[in-house]
Amino acid sequence: MSETYIVLLGPPGAGKGTQAAGLARSLGLPHVASGDLFREALAKGTELGMKAKAYMERGELVPDDVTVAMMLERLAKPDCAGGAILDGFPRSQGQARALDEALGARGGGVSRVLYLRVAEEELLARLGGRWICRDCQAPYHVRNQPPRVAGRCDRCGGALYQRADDSVDTARERLRVDFRETARLIEYYSVAGKLAEVDGEGRIEDVAEALVAAVGA
Ligand code: AP5
């Protein structure tokens, strides 16, 4: 089976969303982001959104059973038949095992895991200055990646907003939770021989180039 599943791993603010869109375009795969799916469900007021709300507001992980069910349902859609760029999932060893089982049952598996390494101080600066498109979720940054027209998305013209969980206190809690879980995932995927580490602190274009090289490495 020739499916390509690329996992983008990295702390909040590492640039997963920024890089996933370009990588998805260059590999011809859909970009599937667990955080975007949760925020969409929240905005629509669905049962899934209500389940995720309190966890997201506190900067904690949504329980594995809820997250895995949502992601496997998304990955079963026809546009993911050839694979996907996974952004923000898996985020725990339980999720990684569930993904392996589901892909294994289809005769496939995760192809490559790209870990974006960025220092904590830089992550907080990125999250504090981030703006997101309400319509297409494209991320911007007041200093590092400003939109051409203030408050408007370059790609679709949608209105930009700041995520509630990017406030300093919630961002710190997200980084704390992530530090614990990501260390376990790094171990899990390096034992499987799938992990490639990429310096996420360069210019956006340079990081993009390094990621493409790491996919084929
Ligand atoms: P999620 O939406 O996945 O958030 P996250 O992992 O915290 O990641 P972010 O979206 O904050 O960061 P990013 O790495 O995508 O960075 P970005 O590209 O935007 O999750 C939100 C919540 O949902 C979680 O807290 C949890 O509650 C829940 N959730 C989601 N998935 C879950 C799961 N699997 N299990 C359980 N719960 C889950 O970049 C950040 C900023 O930096 C931008 O402003 C950008 O312009 C700028 N930037 C990017 N690259 C560079 C660069 N190279 N140089 C300078 N600036 C840059």
Side-chain angles (χ1 to χ4, degrees), residues 7-24 31-42 48-49 51-72 74-75 85-96 98-99 114-119 121-133 136-147 153-154 160-167 169-182 185 198-211:
V7 172
L8 276 181
L9 193 62
K16 303 182 294 296
T18 301
Q19 297 295 342
L23 203 54
H31 167 200
V32 178
S34 46
D36 288 351
L37 293 177
F38 280 134
R39 280 184 289 280
E40 203 179 296
L42 206 60
L48 171 69
K51 278 186 189 161
K53 188 173 189 284
Y55 297 97
M56 294 177 78
E57 283 173 355
R58 290 195 296 263
E60 293 169 8
L61 292 184
V62 178
D64 279 358
D65 57 339
V66 176
T67 307
V68 167
M70 172 185 80
M71 288 302 284
L72 295 189
R74 175 66 187 89
L75 293 178
I85 306 294
L86 299 176
D87 162 4
F89 177 86
R91 222 24 169 260
S92 68
Q93 275 203 22
Q95 294 179 16
L99 178 64
L114 307 175
Y115 171 57
L116 278 170
R117 185 174 18 82
V118 177
E121 211 173 298
E122 169 71 8
L123 294 170
L124 286 169
R126 287 186 186 181
L127 294 174
R130 172 165 64 180
W131 288 79
I132 309 239
C133 174
C136 76
Q137 319 300 327
Y140 296 87
H141 190 278
V142 279
R143 196 186 62 242
N144 305 339
Q145 199 189 6
C153 177
D154 293 354
L160 304 186
Y161 79 105
Q162 285 192 291
R163 272 168 52 177
D165 63 347
D166 279 348
S167 68
D169 287 347
T170 312
R172 279 194 198 283
E173 176 60 12
R174 285 161 61 206
L175 290 176
R176 196 187 63 76
V177 169
D178 182 85
F179 182 73
R180 188 187 62 211
E181 297 299 336
T182 300
L185 278 177
V198 170
D199 178 1
E201 291 206 27
R203 291 184 318 138
I204 290 173
E205 311 79 67
D206 295 339
V207 177
E209 230 172 81
L211 285 173

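Each ligand, and each atom within it, is numbered from 1 in the order the structure gives.
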Under 4.0 Å from ligand 1, counting heavy atoms only, is it the side chain of [X], its backbone, both or neither?
X	answer
Glu201	neither
Lys16	both
Pro90	neither
Thr18	both
Tyr140	backbone
Met71	neither
His141	both

Give me the nearest non-hydrogen protein atom to [atom] as residue plus atom name, then the distance to 0.1 Å.
atom	answer
atom 50 (N) of ligand 1	Arg126 NH1, 3.6 Å
atom 46 (O) of ligand 1	Gln145 OE1, 2.6 Å
atom 35 (N) of ligand 1	Gln95 NE2, 2.9 Å
atom 7 (O) of ligand 1	Arg174 NH2, 2.7 Å
atom 22 (C) of ligand 1	Met56 CE, 3.9 Å
atom 34 (N) of ligand 1	Gly88 O, 2.8 Å
atom 19 (O) of ligand 1	Arg130 NH1, 2.6 Å

Against ligand 1, does [X] come closer than 4.0 Å with any heavy atom?
X	answer
Ser92	no
Gly10	no
Leu127	yes
Arg39	yes
Ala52	no
Gly129	no

Short N or O distance, [X] and ligand 1, threshold 3.5 Å exclusive:
X	answer
Gly59	no
Ser34	yes
Pro12	no

* **Residues Arg172, Asp169: salt bridge by 4.0 Å N-O rule** =>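 Between Asp169 and Arg172 there is no salt bridge, as every charged N stays at least 4.0 Å from the carboxylate O atoms.
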* Asked: Is there side-chain contact between Arg91 and Asp64, with heavy atoms separated by less than 4.5 Å?
  -> no
* Asked: Quick one: which ligand 1 atoms are inside 4.0 Å of a heavy atom on Gly17?
  ->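 Going through ligand 1 atom by atom, the ones under 4.0 Å from Gly17 are 13 (P), 15 (O), 18 (O).
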* To do: Identify, by atom number and element, the atoms of ligand 1 in contact range of Thr67, meaning under 4.0 Å from any of its heavy atoms.
  => 33 (C), 34 (N), 35 (N), 36 (C)
* Quiz item: cation-pi between Arg163 and Tyr161, 6.0 Å / 45° ->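 No, cation not above the ring by the 6.0 Å, 45° rule.
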